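All values reported here derive from a predicted model rather than from experimental measurement.
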Amino acid sequence: MSRLIVISNRVSAGGGAQGGLAVALSAALREHGGIWFGWSGNETSEFTGHINMERVDGVTTATVDLEEQDIEEYYDGYANRTLWPLFHYRIDLAEYERSFADGYKRANERFAETALPLIEPDDLVWVQDYHMFPLGKELRSRGVENRIGFFLHIPWPPRRLLATLPEARALTEGLLAYDLIGFHTEEWLQSFCDYVSHELGGTVDDDGWLTVGERRLRLIACPVGIDAKEFAALAASEKARETYERVRVSAVGRTMIVGVDRLDYSKGLEERFLGYERFLVEHPEERKEVTLLQIAPPSRGTVDSYQRIRSTLEGLAGRINGAHAGLDWVPIRYVNQGYTRDLLAGVYRASKVGLVTPLRDGMNLVAKEYVAAQDPADPGVLILSRFAGAADQMPEALLVNPHSAEEISDALSRAITMPREERIQRWRRLMNGVEEHDVMWWSKRFTDALQDRHEQACGSVLRN
């Protein structure tokens, strides 16, 4: 069996706060053996290429430190101020600076040069996400002939949006160095195909093989999942039960609505607050009977757009609470800190409504975690944005347009009043999907396809 070399911007092996992706990649590495390579998150005065090797929970990690200029231009700059907003359809926030693009290219060259000695001839190489679009091409230019796969964890934007990126053609041509490219949904796979066919003259056959000139590679739609059994077990843990009781007691019999999102403009938090306010206005009988708990840990605090959204949300939460609160009740509890997964499992279970309404999202594993944490005898209701990648797999949720305060209000009213029998039926179908297409399924589908040059493409899980 081939070893697996996982390459990503950040490495996260071991620890109780591991997210779903880290769990999947760690499990794949334990199965195949191999190394997880990436940036350490630390800064160095001069890049030397020194690799910090560790062994954590059966996974070997290899990390490198980056210079301040690399972090500013590659990570804060091109990755998070250019690619992230553009690929989430926010071209109004995208910043196109030549120095960002130069830093992005330089950092990927450094990653390739440093990772090169770690790769043995029979290894499978699996590159993760938008931070490392050019890495496959950089590895090829250094003589790597191994099978190399790439998985994009965010949406691929429509062709006319992508055309606003000065490096769009070069970036896409660089992706042709991979043997396999994976997307969460058929929509984003087709958006990629549309760009390649119109701008590069590529063709895609019915089995998902893309041909551009003499280059032939495979495209697959394989949506990532969570470790459903593990998360359900977390919901039954002692810490989760304690958290459940604390949240229920603090609600004083009120219906708890929960949102858990990294503080990011793509998550639709401002629109969510406005939709919830509309609900309070349109359903005065529910005032003082509901509470929205919004957990939004800060991220990327050095980027101006993230500072602005934090300020906006704090002002909006204050205005809504000021207008609607009573002596013994506030409509919104807004918390700017993160919690471990076992504590979150308890929060999810104590909440009768999960409000997951991003404006655009790659997958959104919070939706799946909320479902996995529920009490089968008395589950809550998931309200989910139509524009989250998870929506394709979760039609039994109450799907909404997150831009519409009316739709959010209507969905909240329906969720709060939904009979238990209907809640159980919807939850059971959702949970079946979460369990069947879990994170291990995703990892195995991708690595199997990467190993096999002749296997047909995965296709959409909705057709399986």
Side-chain angles (χ1 to χ4, degrees), residues 225-261 272 276 279-280 283 285-295 329 331-333 335 339-357 364-385 390-391 393-400 408-438:
I226 65 169
D227 188 336
K229 292 181 180 178
E230 182 257 359
F231 203 84
L234 277 181
S237 69
E238 183 177 351
K239 282 189 177 180
R241 288 197 301 269
E242 290 174 355
T243 304
Y244 170 88
E245 291 298 335
R246 285 173 55 198
V247 173
R248 297 286 286 176
V249 168
S250 71
V252 197
R254 298 184 176 97
T255 296
M256 183 67 72
I257 303 164
V258 70
V260 178
D261 308 83
R272 182 181 306 172
Y276 176 63
F279 168 78
L280 295 176
H283 301 275
E285 73 282 1
E286 295 291 351
R287 290 184 71 249
K288 298 191 177 183
E289 299 299 324
V290 297
T291 297
L292 170 61
L293 171 60
Q294 178 61 57
I295 299 172
W329 168 76
I332 297 178
R333 299 182 190 175
V335 183
Y339 295 93
T340 58
R341 297 172 72 240
D342 50 358
L343 295 182
L344 286 177
V347 173
Y348 293 144
R349 196 168 186 127
S351 303
K352 289 301 181 185
V353 181
L355 198 51
V356 183
T357 55
N364 199 297
L365 296 179
V366 167
K368 298 184 177 185
E369 290 178 348
Y370 177 80
V371 169
Q374 295 307 298
D375 177 0
D378 189 22
V381 178
L382 174 64
I383 298 175
L384 180 61
S385 166
Q393 293 178 287
M394 308 182 85
E396 296 83 10
L398 299 184
L399 300 180
V400 298
I408 293 174
S409 173
D410 291 347
L412 284 168
S413 177
R414 185 178 176 188
I416 289 168
T417 59
M418 185 178 292
R420 178 181 295 196
E421 182 179 352
E422 182 180 352
R423 285 190 280 118
I424 291 174
Q425 289 175 350
R426 287 176 176 271
W427 174 81
R428 184 66 264 170
R429 290 195 291 269
L430 286 168
M431 189 62 179
N432 286 342
V434 170
E435 289 177 326
E436 182 178 357
H437 299 119
D438 66 2

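Salt bridge status for R428 with E435: present, with a side-chain N to carboxylate O gap under 4.0 Å.
Across every non-hydrogen atom of S385 and A391, the tightest pair is O-CB, 3.5 Å. Between I257 and Y276, the shortest heavy-atom distance links the atoms CD1-CE1, 4.0 Å. For the residue pair P379 and I424, the shortest heavy atom distance occurs at CD-CG1, 3.6 Å. The two residues A367 and M394 have their closest heavy-atom pair at O-CE, 3.9 Å. Across every non-hydrogen atom of Q374 and S351, the tightest pair is OE1-O, 4.0 Å. What you find for Y370 and V381 is that their closest heavy atoms are OH-N, 3.5 Å.
A distance of 7.5 Å separates CD1 in I332 from CG in L280, rounded to the nearest 0.5 Å. Taken to the nearest 0.5 Å, the CD1 atom of I408 stands 14.0 Å off from the OG atom of S413. From E230, atom CD reaches atom CG of D438 across 11.0 Å, with rounding to the nearest 0.5 Å. In this structure, I416 CD1 and E286 CD are separated by 5.0 Å, a value rounded to the nearest 0.5 Å. To the nearest 0.5 Å, the span separating CZ on R426 from CG on L382 amounts to 10.0 Å. Taking CG of L292 as the reference point, atom OG1 of T255 lies at 12.5 Å (rounded to 0.5 Å).
Considering only heavy atoms from C-beta on, V290 stays 4.5 Å or farther from V353 through its side chain. Taking 4.5 Å as the limit, every side-chain heavy atom of D261 sits out of range of all side-chain heavy atoms of V366. Residues Y348 and V260 are in side-chain contact: their nearest non-hydrogen atoms beyond the backbone lie under 4.5 Å apart. Considering only heavy atoms from C-beta on, P395 stays 4.5 Å or farther from R429 through its side chain. Looking at heavy atoms from C-beta onward, E422 lies in side-chain contact with R414 at the 4.5 angstrom threshold. With a 4.5 Å cut-off on side-chain heavy atoms, K368 and F231 do not count as touching.
Screening residues 346-356 for salt bridge (charged side-chain N to carboxylate O under 4.0 Å, His left out) gives R349-D375, K352-D378 as the qualifying pairs, with residues at least two apart or on separate chains. Pairs engaging residues 234-244 under the side chain to side chain donor-acceptor pair (under 3.5 Å) rule: none recorded [sequence neighbours left out].
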* To do: Applying side chain to side chain contact (heavy atoms under 4.5 Å, CB included), run through I295 and L344 and close with a yes or a no.
  => CA-CA 10 Å; I295 299 172; L344 286 177; 4.1 Å; yes
